[in-house]
Student: 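Have a look at this one before I ask anything.
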Amino acid sequence: MNPESYTTMAEVRAGVDEIDRQLVALLDQRFAHMRAAARIKPTRAAVRDEPRKAEVIENVRAEAERLGAPADVMAELWDRLVEASIAYEMAAFDSLKG
């Protein structure tokens, strides 16, 4: 996949679809880590960790800047992803330890 070599929208769409499949697989792995965190953390209150959330988002922002990607967009996406991950982890915690 090399977007610079694409000459048709079919190639662009196929490339985007492949990236989306890869992202879903990676996000599935990320959520598996949330399940592990829910199993490991001793209390429900430990699920929300604002300093860690800030660190994760800053790491993403720095990596986006390094790559020349839109850092503000990436940080906003990760803020939403982390919030969704926290909600998922809380539900997993309740399911495991409820």
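Bear in mind that the values here come from a model prediction, so they are computed numbers and not experimental data.
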Student: Looking at side-chain heavy atoms only, is the closest gap between D20 and V16 below 4.5 Å?
Tutor: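 Heavy-atom side-chain distance check passes, below 4.5 Å.
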
Student: For R66, is there an ion pair with E63 - N to carboxylate O distance below 4.0 angstrom?
Tutor: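 Result for this pair is yes, salt bridge flagged.
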
Student: Out of L27, I57, I86, which one pairs with L81 under the side chain to side chain contact (heavy atoms under 4.5 Å, CB included) rule?
Tutor: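 Result: among L27, I57, I86, L27 is the only option passing the side chain to side chain contact (heavy atoms under 4.5 Å, CB included) with L81.
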
Student: So, S95 side chain and A91 main chain: donor-acceptor pair closer than 3.5 Å or not?
Tutor: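 Here the side-chain-to-backbone pair does not exist.
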
Student: Tell me the closest heavy-atom pair linking Y6 and M1, and the distance in Å.
Tutor: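 That closest heavy-atom pairing would be OH-CG, 3.4 Å.
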
Student: So does T7 get a backbone contact from the side chain of E11, meaning a donor-acceptor N/O pair under 3.5 Å?
Tutor: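 Looks like yes, one N/O pair under 3.5 Å.
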
Student: Drop me the distance from Q22's CD to D17's CG, to the nearest 0.5 angstrom.
Tutor: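 Going from CD on Q22 over to CG on D17, the span is 11.5 Å.
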
Student: Identify whether the distance between the nearest side-chain nitrogen and carboxylate oxygen of E50 and R48 falls below 4.0 Å.
Tutor: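 Between R48 and E50 there is a salt bridge, with a charged N closer than 4.0 Å to a carboxylate O.
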
Student: For F93 and A38, which heavy atoms make the closest approach, and how far apart are they?
Tutor: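 The answer is CD1-O, 3.4 Å.
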
Student: Counting only heavy atoms not in R13 (residues, nucleotides, ligands), do more than 12 fall under 6.0 Å from its CZ?
Tutor: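 Open.
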
Student: Under 4.5 Å between any side-chain heavy atoms of L23 and I19, yes or no?
Tutor: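 Yes, their side chains come closer than 4.5 Å.
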
Student: If we only count heavy atoms from C-beta on, is the D72 to R61 side-chain gap below 4.5 Å?
Tutor: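 Side-chain contact under 4.5 Å: yes.
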
Student: Tell me the closest heavy-atom pair linking A84 and F31, and the distance in Å.
Tutor: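 Closest approach of A84 to F31: O-CE2, 4.2 Å.
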
Student: Under the criterion side-chain hydrogen bond (donor to acceptor under 3.5 Å, both in side chains), which of R35, R39, K41 is the partner of E89?
Tutor: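 The residue from R35, R39, K41 that satisfies side-chain hydrogen bond (donor to acceptor under 3.5 Å, both in side chains) with E89 turns out to be K41.
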
